[in-house]
Amino acid sequence: MHGGPRRTRDPLRGGGSRMDAVSDFDSARYLPDDLLDRIRGRAAGVDADNVFPEDDLAELREAGYLGILVPEELGGAGLSLAQASVLQQRLAGAAPATALAINMHLVWTGVAKVLSDRGDDALRFVQEGAAAGEVFAFGISEAGNDLVLFGSDTVAEPQPDGGYAFTGTKIFTSLAPVWDRLGLHGLDTTSEDAPKLVFAFVDRTDAVRTRDDWDTVGMRGTQSRTTELHGAVASTDRIVRRLSPGPNPDPLVFGIFSVFELLLASVYTGIARRALDLAVVAATSRTSKKTGMAYSQDPDIRWRIADMALTYDGMLPQLEAIAHDIDERADHGGLWFAKLSGLKHRAVTAAKAVVDEAMLVAGGSSYFSRSELGRLYRDVIAGMFHPSDPESAHSTVATAWLGPLTP
């Protein structure tokens, strides 16, 4: 990774990629080094103060980052998911919590792209809003609801004008202090064709209450607080889908699952890269009292860094290949969900392994909360709680290869 010849430039540092999907992509055009330096400089304070990174959002909005996946004709940058993946890796290397928070906005713009690429403009209002600087948040998770996209404990009550009023509680609502529109789902049990899962968007009104309850080990800047819905109304033109509960081949479900898993994997891969870079700095700057030589000359340290690089390098082609397949509408049939949940699972486990090794290379100083590696160590833990969690990922892959469990 370092010190040897490279046949391609590193996409995280503004060069090209290893696949045609992002060849000649200048990531520094959208995330300049000076912007990343400012974001990185604020990350420790955001974590220590347990606040939302308002300044990061303001600068990213000003740079047009909220619209990177919006078509150019609608005022965005018109980037591909493969390119957005590279950018999110780059942003996560500066401030993981900022990247993860922005992820949830990019999920909706990514879903809008997936739908529009397939001839469905149901989320055009998301694209137009994002290009104008509006922030969209993701309100799907509910306590104890392991059905996730396929079920909801939130009540969706039909209104006379065709809209819906939503009542329930959503957890892990990233961007909680700053979102303008919340994309969510709820269950309609009263219509003639009930039950139906209703996917819609609500505005921030008095019917939406945000608890100040985000006091976590890591990823503190996401401010993914609990959201209470007390009859929050989505107008008719903000009802995106009414679907039967359970697994569904609808493009909206595929769009949410694919973009969510891809961008999560991108963030945690970015964390792995930053941990690797910090480990290299530690190894080359620390000197052994025993030998008088830099730790970069210690065979054990060299083995650890090589192992980290091998693990990290393995994630890049996977991310690029899956992103390319989503962009190009590849047909993986019944294996799609296994591929997507597997990608996210491997990215998180790889990132955790890399950060663990980096801590050992850096030594005891990384155990202090003021250490950037110490913060990465806490941030990377969050990956195990995002869908698909390890149990769900393994279940999905087992079903894809072995078929469903016998009743």
Side-chain angles (χ1 to χ4, degrees), residues 50-52 54 57 100-105 107-108 111-112 122-123 125-126 129-130 133-216 219-246 252-253 256 260 385-387:
N50 193 25
V51 295
F52 184 81
E54 299 269 3
L57 175 61
L100 186 59
I102 296 297
N103 239 30
M104 301 310 160
H105 167 88
V107 166
W108 282 125
V111 174
L123 291 182
F125 68 89
V126 170
E134 292 181 358
V135 176
F136 290 82
F138 197 73
I140 298 294
S141 297
E142 298 167 343
N145 179 17
D146 57 357
L147 293 171
V148 195
L149 285 176
F150 303 142
S152 177
D153 294 328
T154 296
V155 175
E157 182 181 359
Q159 302 298 291
D161 62 356
Y164 273 87
F166 292 86
T167 299
T169 302
K170 302 291 185 177
I171 60 172
F172 297 128
T173 313
S174 299
L175 301 161
V178 298
W179 60 259
D180 299 297
R181 315 276 183 260
L182 179 66
L184 45 67
H185 72 338
L187 188 64
D188 173 2
T189 61
T190 61
S191 295
E192 290 184 1
D193 60 349
K196 290 291 183 182
L197 277 175
V198 182
F199 290 83
F201 285 78
V202 300
D203 294 341
R204 188 186 289 275
T205 67
D206 291 342
V208 182
R209 302 174 192 169
T210 299
R211 298 179 191 168
D212 188 4
D213 60 354
W214 190 247
D215 186 12
T216 51
M219 289 294 186
R220 290 160 68 82
T222 66
Q223 289 301 301
S224 306
R225 305 174 187 179
T226 301
T227 302
E228 300 176 12
L229 306 166
H230 299 271
V233 174
S235 58
T236 306
D237 60 346
R238 295 296 182 262
I239 307 301
V240 181
R241 286 291 198 279
R242 295 179 73 255
L243 303 174
S244 297
L252 178 72
V253 173
I256 293 174
F260 189 87
F385 300 110
H386 304 302

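Computed from a predicted structure; not experimentally measured.
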Practice prompt. Would you indicate whether Phe201, at its atom CZ, is surrounded by more than 12 heavy atoms from other residues, nucleotides or ligands within a distance under 6.0 Å?
Written response: yes
Worksheet item: Any side-chain donor-acceptor pair under 3.5 Å between Lys196 and Ser191?
Response: no
Response to the item:
Taken in chain and number order and not counting sequence neighbours, the residues that satisfy side chain to side chain donor-acceptor pair (under 3.5 Å) with Asp215 are Arg220
Worksheet item: With Ile171, which residues qualify under side chain to side chain contact (heavy atoms under 4.5 Å, CB included), at least two apart?
Response: Ser141, Ala143, Thr226
Discussion item. Tell me which pairs pass salt bridge (Lys or Arg N to Asp or Glu O under 4.0 Å) where either residue lies in residues 163-172, with sequence neighbours left out.
Written reply: Glu142-Lys170
Fill in: Evaluation steps, ring pair (Phe, Tyr, Trp, His ring centres under 6.0 Å), between Phe136 and Trp179
CA-CA 6 Å; Phe136 290 82; Trp179 60 259; 9.7 Å; no
Worksheet, complete the sentence: So the ring pair (Phe, Tyr, Trp, His ring centres under 6.0 Å) pairs with at least one residue in residues 143-162 (sequence neighbours excluded) are none
Worksheet item: Out of curiosity, Leu184 CG to Phe199 CZ, how far, rounded to the nearest 0.5 Å?
Response: 10.0 Å
Worksheet entry | Under the side chain to side chain contact (heavy atoms under 4.5 Å, CB included) test, residues paired with Thr222 that sit two or more places apart | Ala97, Leu100, Ala101, Ser174, Trp214, Met219, Ser224
Response to the item:
Hits for salt bridge (charged side-chain N to carboxylate O under 4.0 Å, His left out) against Asp153, two or more places apart or cross-chain, chain-then-number order -> none
Item to complete: Could you pull out all residues at least two apart from Glu54 that satisfy salt bridge (charged side-chain N to carboxylate O under 4.0 Å, His left out)?
Response: none
Fill in: Residue list, side chain to side chain donor-acceptor pair (under 3.5 Å) with Arg204, at least two apart or on another chain
none
Fill in: Results of side chain to side chain contact (heavy atoms under 4.5 Å, CB included) for Asp237 - residues two or more places apart only
Ser235
Fill in: With sequence neighbours excluded, residues passing side chain to side chain contact (heavy atoms under 4.5 Å, CB included) with Asp146
none
Item to complete: Flag the pair Val155 / Leu187 as yes when at least one side-chain heavy-atom distance between them is below 4.5 Å, and no otherwise.
Response: no
Item to complete: Please identify each residue that fulfils salt bridge (charged side-chain N to carboxylate O under 4.0 Å, His left out) with Glu134, with sequence neighbours left out.
Response: Arg181
Worksheet item: Got a sec, which residues hit salt bridge (charged side-chain N to carboxylate O under 4.0 Å, His left out) with Asp188, two or more places apart in sequence or on another chain?
Response: Arg242
